[in-house]
Amino acid sequence: MTQTSAKLTAITRELSPDIGNCELTFLPRVRIDPALAQQQHERYQAALSSLGCEVVQVPTEPGLADSVFIEDTALVLDELAVILRPGPRSRRAELDGVEHVLRQYRPLALIRPPGTVDGGDLLRVEKVIFAGLSSRTNADGIEQLRKIVADYGYSVKTVETTQCLHLKSAVSAVAPGTLLINPNWVSRSSFDAFDQVDIDEHEAHAANAVLVGQSVIYPSSFPRTSDRLVNRGIDVIPVDLSELQKAEGAVTCCSLLLSSPAV
Ligand code: CIR
């Protein structure tokens with residue numbers, strides 16, 4: 001019998017030379033070193049490659065300061081991709097380039113005005129999509145998403161998010177059935193069905209990890225929480241993203257992961 005294995009693709013987006021003009025919500029603006037940011041982004045992509053992903057980089061365009069944070073522009077499911085409508089007006093110009101590439105992989109659906117959804121507010125675990133109701137993602141956007149994905153058997157659960165940029169600033173998946181969580185930023189009870197690993201209390205921004213297969217790509221700036229993951233038997237691939245963190249970026253936001261059956 002022939003065994004079919006899923007081929008993983010990671011879609012990333014080129015870092016903009018305008019990254020210094022990025023959107024900021026919670027952090028003060030400080031200088032971002034573009035060369036170092038570029039080097040760190042390349043290492044992040046190398047980490048994805050080392051975990052078996054084919055990395056496809058979408059070029060940036062002039063003025064797309066936040067283009068590297070491609071996660072906010074789309075939700076990719078096995079059956080379709082939803083082109084989102086990020087909260088900040090400045091980020092909507094990113095959508096055309098992403099749509100152009102995703103069209104090659106999936107049928108598309110769109111979130112329309114007045115709905116807004118940032119991909120950082122969407123945490124998918126199997127057929128459940130947790131949607132953060134945040135300063136970026138509104139109830140209309142979540143309702144549109146609910147209707148789009150219902151046809152494919154997904155349910156959408158709204159989770160209120162107030163003290164951080166996105167839902168996935170507060171909670172992300174680190175293994176099948178296991179979430180990494182900052183309980184000060186999101187209610188634990190929304191995630192009762194999961195095994196929960198708490199971040200270390202000294203590392204408030206540590207709840208964002210990218211799960212790729214059995215491994216997680218994880219910022220080297222959170223060593224205490226990283227130790228907790230390692231102690232749980234999780235394979236942690238550290239990456240230094242210090243420059244993108246100054247732009248309020250995290251590890252999930254720099255890629256869209258999709259799997260397709262190998263031919
Ligand atoms: C923004 O504020 O939109 C960007 N400077 C950072 C977006 C980070 N996105 C994410 O974590 N999903």
Side-chain angles (χ1 to χ4, degrees), residues 10-34 37 40-41 44 48 58 60 63-76 81-95 97-98 111 116-124 129-138 141-142 145 159 161-174 180-182 185-186 199 203-211 216-219 221-222 239 241-257:
I11 302 182
T12 63
R13 193 155 196 188
E14 189 183 1
L15 181 76
S16 168
D18 293 330
I19 181 75
N21 292 323
C22 64
E23 292 285 335
L24 288 173
T25 307
F26 289 92
L27 294 184
R29 196 168 296 279
V30 293
R31 184 178 177 275
I32 296 173
D33 177 340
Q40 292 176 345
H41 189 230
Y44 170 84
L48 288 165
V58 182
T60 190
L64 302 186
D66 280 302
S67 61
V68 72
F69 304 122
I70 190 169
E71 167 184 67
D72 293 318
T73 62
L75 172 70
V76 184
V82 184
I83 303 298
L84 303 173
R85 188 165 178 272
R89 201 177 283 270
S90 72
R91 299 208 53 192
R92 297 188 193 144
E94 296 171 30
L95 299 177
V98 174
I111 299 294
T116 61
V117 181
D118 273 23
D121 277 317
L122 303 177
L123 171 63
R124 184 189 67 80
I129 299 167
F130 294 93
L133 185 61
S134 70
S135 64
R136 297 292 180 91
T137 296
N138 66 19
I142 294 176
L145 181 67
V159 182
T161 312
T162 49
Q163 297 172 69
C164 54
L165 185 60
H166 289 128
L167 176 65
K168 275 189 291 196
S169 315
V171 58
S172 65
V174 287
L180 178 62
I181 187 165
N182 176 343
W185 284 356
V186 77
I199 57 145
E203 298 176 339
H205 291 87
N208 185 273
V210 188
L211 178 60
V216 297
I217 298 177
Y218 191 71
S221 50
F222 306 123
V239 289
L241 279 190
S242 62
E243 296 310 291
L244 297 184
Q245 286 168 336
K246 294 176 184 172
E248 294 189 54
V251 281
T252 59
C253 57
C254 296
S255 53
L256 293 169
L257 298 177

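Atoms within a ligand are numbered from 1 in the order they appear, just like the ligands themselves. All of these numbers come straight from a predicted model, not from anything done at the bench.
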Among protein heavy atoms, which sits nearest to atom 4 (C) of ligand 1, and what does the distance come to when rounded to 0.1 Å?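 Of every protein heavy atom, D66 OD1, 3.1 Å lies nearest to atom 4 (C) of ligand 1.
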task = For atom 10 (C) of ligand 1, grab the closest protein heavy atom and report residue, atom and distance to one decimal in Å.
result =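 Protein heavy atom with the smallest distance to atom 10 (C) of ligand 1: C253 CB, 2.9 Å.
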- Query: Would a distance-only check, ignoring hydrogens and angles, find a side-chain to backbone donor-acceptor pair under 3.5 Å from K246 to R31?
  - Reply: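 Indeed, once roles are kept as given, a pair shorter than 3.5 Å links the two residues.
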- Look only at the side chain of E248 and the backbone of T25, and say whether a donor-acceptor pair between them is shorter than 3.5 Å.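 Side chain of E248 to backbone of T25: a pair is present.
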| Only one of E71, K168, H166 clears side chain to side chain donor-acceptor pair (under 3.5 Å) with T252; which? |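 Answer to the side chain to side chain donor-acceptor pair (under 3.5 Å) test with T252 among E71, K168, H166: E71.
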Which atoms of ligand 1 have any heavy atom of [X] under 4.0 Å away?
| X | result |
| --- | --- |
| E71 | 10 (C), 12 (N) |
| G120 | 12 (N) |
| A247 | 4 (C), 5 (N), 6 (C) |

Taking heavy atoms and a distance under 4.0 Å, where does K168 meet ligand 1: side chain, backbone, both or neither?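 It is neither part, as no heavy atom is under 4.0 Å.
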Of the non-hydrogen atoms in [X] and [Y], which two are nearest, and what is the gap between them?
| X | Y | value |
| --- | --- | --- |
| A93 | L64 | CB-CD2, 3.6 Å |
| P17 | T60 | CD-CG2, 4.4 Å |
| L257 | L211 | CD1-O, 3.8 Å |

I want to confirm something. Looking only at heavy atoms, which of D72, N208, L27 is nearest to atom 7 (C) of ligand 1?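 Nearest heavy atom to atom 7 (C) of ligand 1 lies in D72.
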Tell me the nearest of E94, R136, E248 to atom 3 (O) of ligand 1, using heavy-atom distances.
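Residue with the shortest heavy-atom distance to the ligand atom: R136.
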